[in-house]
S.K.: 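Sharing a structure here in structure tokens format.
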Amino acid sequence: MSNNPIGIFDSGIGGTSIFKEIHVLMPNENCIYLADSKNAPYGNKSKEEILQLSIKNTEFLIGKGSKVIVVACNTATTNAIDYLRETYNVPFIGIEPAIKPAALSTKTKAVGILATKGTLSSQLFHKTADLYARGIKVIEQIGEGIVPLIETGKLDSDEMYALLETYLKPMLEQNIDYLVLGCTHYPYLIPMLTKMLPENVKIIDSGLAVAKQTKSVLSTHNLLNSFVLEPAITLFTNENVDILDAILDHKFEASFLEF
Ligand code: DGL
């Protein structure tokens, strides 16, 4: 069983930002990654639709023998993880916007959060914000349009720059000193964001924390792969393989799969 893969899914290619952290932290783990790009973005879908897509992805990964499932999508985690945990007999690791560390560290008492509509409107997000960000101004911004640009290979485009400029403006006017990236597609924007933000504004994303949590869950369940071998890394997309390959810097081989 410990030799079985870590199953990872996202609405598209964004969750590869989590896959990369997992692969660096646990290089001998077998991984299987599912990019449901055909149905991206999840962020504007209803809770029920997000749940049904998360069930479909989970069942695919369980069918491939996944020993744990990483929901590498804030939108799917905040809308579906409770149901998935109740329903399937494998451990799940999810990702949520890192509002807690930002709220604990801010000096200006103002933090910005960029995430999908599905995440920002979820009960789980509000619960976390109420719990940890009391007394802190949280400037929420839906990243409308960002995921479709990334999914179509327009990460480093003028359109992206213009969108980000609009989304950052109200945050900077309200003097944020932390920007929380609440979507697994957004770490790919860090080079552009770093150029756009003043030096005192720090960017927080949860990728490394999720990888560490995955390792800890595997260890607790005695599921860490003890074999030292070349891992099998399998990546599937139901849309454009070239775009998935490019985001992975052509270091892994991805395949098209109808699902
Ligand atoms: N990568 C996703 C997330 O973390 C989903 C984006 C989307 O499909 O809208 O929220």
Side-chain angles (χ1 to χ4, degrees), residues 7-22 33-58 61 69-82 84 92-99 102 112-126 128-129 140-155 160 163-164 167 179-190 193 203-211 213-214 235-240 243-244 247-248 254 259:
I8 307 164
F9 78 82
D10 179 37
S11 65
I13 61 174
T16 54
S17 61
I18 307 296
F19 155 70
K20 286 177 185 172
E21 299 278 10
I22 288 175
Y33 181 90
L34 194 57
D36 189 16
S37 294
K38 189 176 77 184
N39 293 302
Y42 281 13
N44 293 338
K45 296 191 189 311
S46 68
K47 186 176 168 70
E48 184 55 31
E49 282 174 297
I50 297 166
L51 181 61
Q52 290 310 323
L53 292 167
S54 302
I55 289 171
K56 177 195 67 151
N57 298 334
T58 297
L61 292 172
I69 298 201
V70 179
V71 182
C73 175
N74 293 259
T75 311
T77 300
T78 51
N79 286 279
I81 202 157
D82 290 345
L84 299 176
F92 283 86
I93 296 100
I95 178 162
E96 277 186 73
I99 199 98
I113 162 143
L114 193 58
T116 69
K117 187 170 160 215
T119 295
L120 292 175
S121 60
S122 69
Q123 276 180 352
L124 193 56
F125 172 73
H126 284 285
T128 310
E140 297 175 19
Q141 175 64 55
I142 296 173
E144 189 66 45
I146 295 178
V147 167
L149 284 179
I150 297 175
E151 289 287 329
T152 49
K154 294 183 197 126
L155 176 62
M160 185 68 85
L163 271 187
L164 293 181
Y167 296 157
L179 172 64
V180 177
L181 302 183
C183 170
T184 54
H185 282 70
Y186 299 170
Y188 289 110
L189 300 170
I190 290 175
L193 286 169
I203 300 171
I204 300 198
D205 88 270
S206 327
L208 180 59
V210 172
Q213 176 66 7
T214 305
L235 298 119
F236 293 117
T237 173
N238 51 12
E239 196 81 334
N240 190 326
I243 288 184
L244 179 54
I247 208 99
L248 293 160
F259 61 91

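For clarity, every value in this text was computed on a predicted model and none was experimentally measured. Each ligand, and each atom within it, is numbered from 1 in the order the structure gives.
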S.K.: So, Asn240 and Glu151: side-chain donor and acceptor under 3.5 Å apart, yes or no?
M.R.: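 No, because no side-chain N or O of Asn240 sits under 3.5 Å from a partner of the opposite role on Glu151.
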
S.K.: Using a distance-only test with no angle check, is there a side-chain donor-acceptor pair under 3.5 angstrom linking Tyr42 and Ser54?
M.R.: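 No - no donor-acceptor pair under 3.5 Å links their side chains.
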
S.K.: Among all residues two or more places apart in sequence or in another chain, which pass the salt bridge (charged side-chain N to carboxylate O under 4.0 Å, His left out) test with Asp205?
M.R.: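 Partners of Asp205 by the salt bridge (charged side-chain N to carboxylate O under 4.0 Å, His left out) criterion come out as none, since no residue qualifies.
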
S.K.: Passes side chain to side chain contact (heavy atoms under 4.5 Å, CB included), Leu51 versus Asn79? Steps please.
M.R.: CA-CA 7 Å; Leu51 181 61; Asn79 286 279; over 6 Å; no

S.K.: Just jot down the side-chain contact (heavy atoms from CB on, under 4.5 Å) partners of Glu96, sequence neighbours excluded, or say none.
M.R.: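 For Glu96 the side-chain contact (heavy atoms from CB on, under 4.5 Å) partners, ignoring immediate neighbours, are Thr77, Thr78, Leu124, Thr128.
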
S.K.: Do any nitrogen or oxygen atoms of ligand 1 lie under 3.5 Å from a protein nitrogen or oxygen, and which ones?
M.R.:
from	atom 1	to	atom 2	distance (Å)
ligand 1	1 (N)	Asp10	OD1	3.0
ligand 1	1 (N)	Asp10	OD2	3.4
ligand 1	1 (N)	Thr184	OG1	2.9
ligand 1	1 (N)	His185	ND1	2.8
ligand 1	4 (O)	Asn74	N	2.8
ligand 1	4 (O)	Asn74	ND2	3.1
ligand 1	4 (O)	Thr184	N	2.8
ligand 1	4 (O)	Thr184	OG1	3.3
ligand 1	8 (O)	Ser11	OG	2.6
ligand 1	8 (O)	Tyr42	N	2.6
ligand 1	9 (O)	Tyr42	N	3.2
ligand 1	9 (O)	Gly43	N	2.8
ligand 1	10 (O)	Asn74	N	3.4
ligand 1	10 (O)	Thr75	N	3.1
ligand 1	10 (O)	Thr75	OG1	2.6

S.K.: Can you give me every donor-acceptor pair (side chain of residues 112-120, partner residue at least two apart or in another chain, under 3.5 Å) with its distance?
M.R.:
from	atom 1	to	atom 2	distance (Å)
Thr116	OG1	Thr75	OG1	2.8
Thr116	OG1	Gly118	N	3.4
Thr116	OG1	Thr119	N	3.2
Thr116	OG1	Thr119	OG1	3.3
Thr119	OG1	Thr75	N	3.3
Thr119	OG1	Thr75	OG1	3.4

